[in-house]
Amino acid sequence: MEPEKFEEAVKDESWMKAMKDELNMIEKNDTWELVDRPMDKPVIGVKWVFKTKLNLDGSVQKNKARLVAKGYSQKPGVYYNETFAPVAKLDTIRTLIALAAQKSWQLYQLDVKSAFLNGVLEEEVYVDQPEGFLIKGSESKVYKLHKALYGLKQAPRAWYSEIDGYFAECGFTKSQSEATLYVKTRGEASILILSIYVDDIVYTGNDQEMLEDFKKDMKEKYEMTDLGLLHHFLGMGVIQTPTSIFIHQKKYATTLLNRFGLSECKPVSIPLVTSEKLSKDDGSGLASEEQYRRIVGSLLYLTATRPDIMFAASLLARFMHCPTSKHLGTAKRILRYVKGTLDYGLEYVKGKGAVLIGYFDSDWSGSVDDSKSTSGYAFSFGSGVFAWASVKQNCVALSIAEAEYISASEATTQAIWLRFVLEDFGELQTEATPLHCDNISAISITRNPVFHQKTKHIDRRYHFIKDALQEGTVDLIYCPTNEQLADIFTKALAKDRFSYLREKLGVKSAHNLKGSVEM
């Protein structure tokens with residue numbers, strides 16, 4: 001059990017050691033100095049926060065004590081000015097994993113110990129001495145911070161500025177499309193790519209010497225934990241086999257079932273019933289708003305490796321305000337589907353080409369309440385998908401072709417961004433990115449203005465796809481409806497159709513991977 005207060009933690013030797021280790025790290029980093037309490041400056045309180053870190057199998061990894069500043073008492077303009085710090089998008093992380101698989105590279109991970117303690121503060125900040133560790137004879141004194149503490153509003157920004165400056169010194173080039181993505185080249189062939197998410201660094205490349213040099217330099221600059229091959233990142237498990245890279249969230253999914261009392265439930269084969277349509281007022285009575293939001297929020301995070309539940313989770317997210325019993329029942333049905341697919345995840349097969357391929361689709365007038373359509377798209381290198389979405393369109397489409405046209409524009413924006421990211425990776429897309437569409441009319445609208453009378457009312461921002469087409473950035477290609485992968489992101493499907501598209505997305509059981517795999 002994690003102690004909630006210092007009085008509880010002080011009774012356990014392991015938690016006392018964790019607190020001493022935290023203070024030793026703070027002192028080692030020259031984070032603060034003891035000074036007299038200032039008369040004209042406010043002093044921020046601090047508190048201990050205790051967390052037990054677990055392994056993927058649920059066993060205890062270590063007890064962690066963190067000294068946290070009470071940042072909620074900070075006022076803008078007095079304690080801090082800017083607070084924004086970027087974090088890596090999940091799309092970027094998955095794209096990096098997919099590229100590493102395509103190149104047959106191995107992914108590695110580093111963890112920066114007490115990362116925020118390295119961020120240099122621009123403001124003058126004072127904090128109280130931590131509970132249980134008052135300096136004898138100087139109990140009235142306070143600490144003046146040179147570097148950030150966890151809990152401070154400006155701590156993430158200070159750390160990002162620090163690590164960003166260091167990477168620039170080391171010769172890394174920051175991506176213009178993703179602020180947490182850095183690339184370093186040596187000669188014409190060697191490349192090292194890394195992505196940072198707060199204190200976790202994922203890196204890969206084709207030159208083992210560059211990888212070792214980078215790891216050595218990081219260890220000399222910061223207190224680091226070398227985690228070796230990437231195996232666990234942001235709640236995702238990563239399995240690297242000789243033939244593929246497999247990502248999953250089995251531990252997180254199991255935790256969800258236990259949290260909501262469905263660990264012993266009966267599994268179902270599909271997340272949604274095809275014959276049922278959800279609406280705001282279905283007459284089934286109001287359900288617990290808190291429980292519903294917790295389930296839907298948890299499901300949305302599970303979509304990080306499970307595109308097969310993307311549409312279902314996005315659909316439920318439309319009813320966060322005043323959910324009904326039917327909505328709650330549908331949410332629990334999705335958890336029952338997760339129960340039957342606990343060991344499922346995304347497989348990126350090694351050796352595939354690094355040519356970006358896209359699919360997009362729409363469900364015309366699928367929303368019962370406002371008749372708006374649903375757009376869906378997915379991108380891959382021909383193996384598992386690494387970028388996808390299922391979103392309700394902002395306007396009412398008057399025809400199927402119009403709904404597909406709007407969906408095409410949304411897919412094009414994602415394709416352009418992915419092309420930028422891949423160019424930063426050194427994978428310049430020389431040919432137009434193929435976007436597969438199952439509607440000939442939508443393709444005709446993008447290529448020429450033959451249907452002007454039917455398209456004159458469409459918001460002009462959607463017409464930028466025509467420019468992308470002329471510039472050779474994307475190319476719309478017709479594909480039969482039964483081969484349209486994005487169909488799974490726009491509507492509820494029957495079992496056979498759902499299972500077929502799920503496999504096409506690269507979602508499969510870990511038991512189907514080649515070789516012996518443990519999760």
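Heavy-atom basis, side chains included; hydrogens, waters and symmetry copies ignored. Along the sequence shown, the residues carry numbers beginning at 1.
Here Phe246 contributes atom CZ and Met236 contributes atom CE; the two are 12.5 Å apart, rounded to the nearest 0.5 Å. Once rounded to the nearest 0.5 Å, the distance linking OG of Ser114 with CD of Glu22 reads 4.5 Å. In this structure, OG1 on Thr274 lies 12.0 Å from CZ on Phe498, to the nearest 0.5 angstrom.
In summary, the side chains of Glu483 and Tyr500 do present a donor paired with an acceptor at a separation below 3.5 Å, with no hydrogens or angles considered. Inspection of the Asp369 and Ser367 side chains reveals no N or O donor paired with an N or O acceptor under 3.5 Å. A donor-acceptor contact closer than 3.5 angstrom is absent between the side chains of Thr330 and His327. With hydrogens and angles left out, the side-chain atoms of Gln106 and Tyr108 include a donor and acceptor closer than 3.5 Å. No hydrogens or angles considered: nothing links the side chains of Thr95 and Thr92 as a donor-acceptor pair under 3.5 Å. No hydrogens or angles considered: nothing links the side chains of Asp343 and His248 as a donor-acceptor pair under 3.5 Å.
More than 12 heavy atoms of other residues, nucleotides or ligands shown are found within 6.0 angstrom of NZ on Lys89. By the neighbour-count criterion of 12 heavy atoms within 6.0 Å, atom CD of Glu4 is sparsely surrounded, having that number or fewer from other residues, nucleotides or ligands.
For the pair Glu423 and Arg419, the salt-bridge criterion is not met [side-chain N within less than 4.0 Å of a carboxylate O].
A 4.5 Å side-chain heavy-atom check between Leu493 and Ile270 finds every atom pair outside the cut-off.
Ring-plane geometry between Tyr252 and Tyr301 is classed as perpendicular, the angle between the planes exceeding 60 degrees on a 0 to 90 degree scale with a lower cut at 30.
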